[in-house]
Every structure is written in structure tokens, then in C-alpha cells.
Amino acid sequence: MEHGQQNITVVDDNGTEQLCEILFTFESDEFKKSYVLYYPIGAEEDENEEIEIHASSFLPSEDGKDGELQPIETDEEWAMIEEMLNTFLDEEEEEDEE
């Protein structure tokens with residue numbers, strides 16, 4: 001996984017591969033990690049017209065190979081990710097209104 005990448009393949013616990021589109025990536029100085037928010041390509045919207053967005057941390061690889069996605073480990077990380085997502089969605093909404 002690299003910054004600037006558009007799609008990633010995520011393998012679930014059952015070994016099933018799912019192609020996902022990257023919503024955005026960001027780095028956190030507080031947690032010393034990079035994060036990626038993504039959703040499955042072809043995902044269906046729920047009754048509220050929303051798509052489930054997934055988040056993982058990752059360490060960008062220096063050799064150009066894919067980095068490993070890691071689960072989010074703490075409530076503090078989740079709170080920070082949620083704040084970043086809300087900011088991102090607010091900015092997207094403002095752009096759509098222009």
C-alpha cells in the first residue's frame with residue numbers, strides 16, 4: 001500500500017479477496033502511523049444512501065512493495081479517524097455545492 005494509490009485488494013479472514021477503492025489516506029504524527037479509508041468497489045448503498053467505509057493503519061514500504069494493512073487498535077485512533085472522515089466529507093460536500 002502506497003500513498004497516492006487508487007485501489008487496494010483486501011483479503012478478509014476467510015481468504016476472500018475484495019477490490020476496494022481508496023477514499024483517502026493520511027498520516028498521524030500523534031500515533032506515528034499512516035491510515036487509509038476505503039470501501040469495496042461495487043458496494044451497495046444502504047437505506048440511508050450510505051456506503052460502509054473501512055479504515056486500517058499501514059506502514060508505507062520504502063522498497064516500493066505493498067505495505068501491510070493493520071487493524072485500528074484503540075478508541076483514540078477511531079475517534080481521530082472519525083474526525084478526519086467528517087472533515088473530508090464536509091469538504092467534499094462544499095465542493096459539490098460550488
Open item on the list: Ignoring hydrogens and geometry beyond distance, is a side-chain donor-acceptor pair present between Tyr35 and Glu27 at under 3.5 Å?
Closed with: no

Task: Atom pair CD (Glu92) and CG (Leu85), whose distance is rounded to the nearest 0.5 Å - done: 10.5 Å

- [ ] Quick one: pull up CG in Asn86 and CD in Glu91 and give me the separation to the nearest 0.5 Å.
- [x] 11.5 Å

Task: Test item: Glu83 side-chain N/O and Ala79 main-chain N/O as donor-acceptor pair under 3.5 Å - done: no

Open item on the list: Does atom CD (Glu82) have a neighbourhood of more than 12 heavy atoms from anything else shown, all under 6.0 Å?
Closed with: no

- [ ] Consider only side-chain heavy atoms of I, L, V, M, F, W and Y, link residues closer than 4.5 Å, and tell whether Phe24 and Leu19 are in one cluster.
- [x] no

Task: Interatomic spacing from CH2 in Trp78 to CD1 in Ile72 - rounded to 0.5 Å - done: 5.0 Å

Open item on the list: Using 0.5 Å steps for rounding, measure from the OH atom of Tyr38 to the NE2 atom of His54.
Closed with: 6.5 Å

Task: Interatomic spacing from SG in Cys20 to CG in Leu69 - rounded to 0.5 Å - done: 9.0 Å

Open item on the list: Any heavy-atom pair between the side chains of Phe58 and Lys33 that's under 4.5 Å?
Closed with: no

Open item on the list: So which atom in Gln18 and which in Ile41 form the shortest heavy-atom distance, rounded to 0.1 Å?
Closed with: NE2-O, 3.8 Å

Open item on the list: As an exercise, state the distance from CD of Gln6 to CG of Leu23, rounded to the nearest 0.5 Å.
Closed with: 11.0 Å

Open item on the list: I want to check something: taking the side chain as every heavy atom from C-beta on, are Ser57 and Phe31 in contact at a cut-off of under 4.5 Å?
Closed with: no

TODO: Can you see which heavy atom on Asn7 is nearest to which on Glu21, and at what distance?
DONE: OD1-CA, 3.6 Å

TODO: State, yes or no, whether a side-chain contact exists between Glu77 and Ser28 at a heavy-atom distance under 4.5 Å.
DONE: no

Open item on the list: I'd like to check Ile22 versus Tyr39 (side-chain heavy atoms, cut-off strictly below 4.5 Å). Are they in contact?
Closed with: no

- [ ] Check the pair Leu37 / Thr25 against side chain to side chain contact (heavy atoms under 4.5 Å, CB included), numbers first and verdict last.
- [x] CA-CA 6 Å; Leu37 280 78; Thr25 61; over 6 Å; no

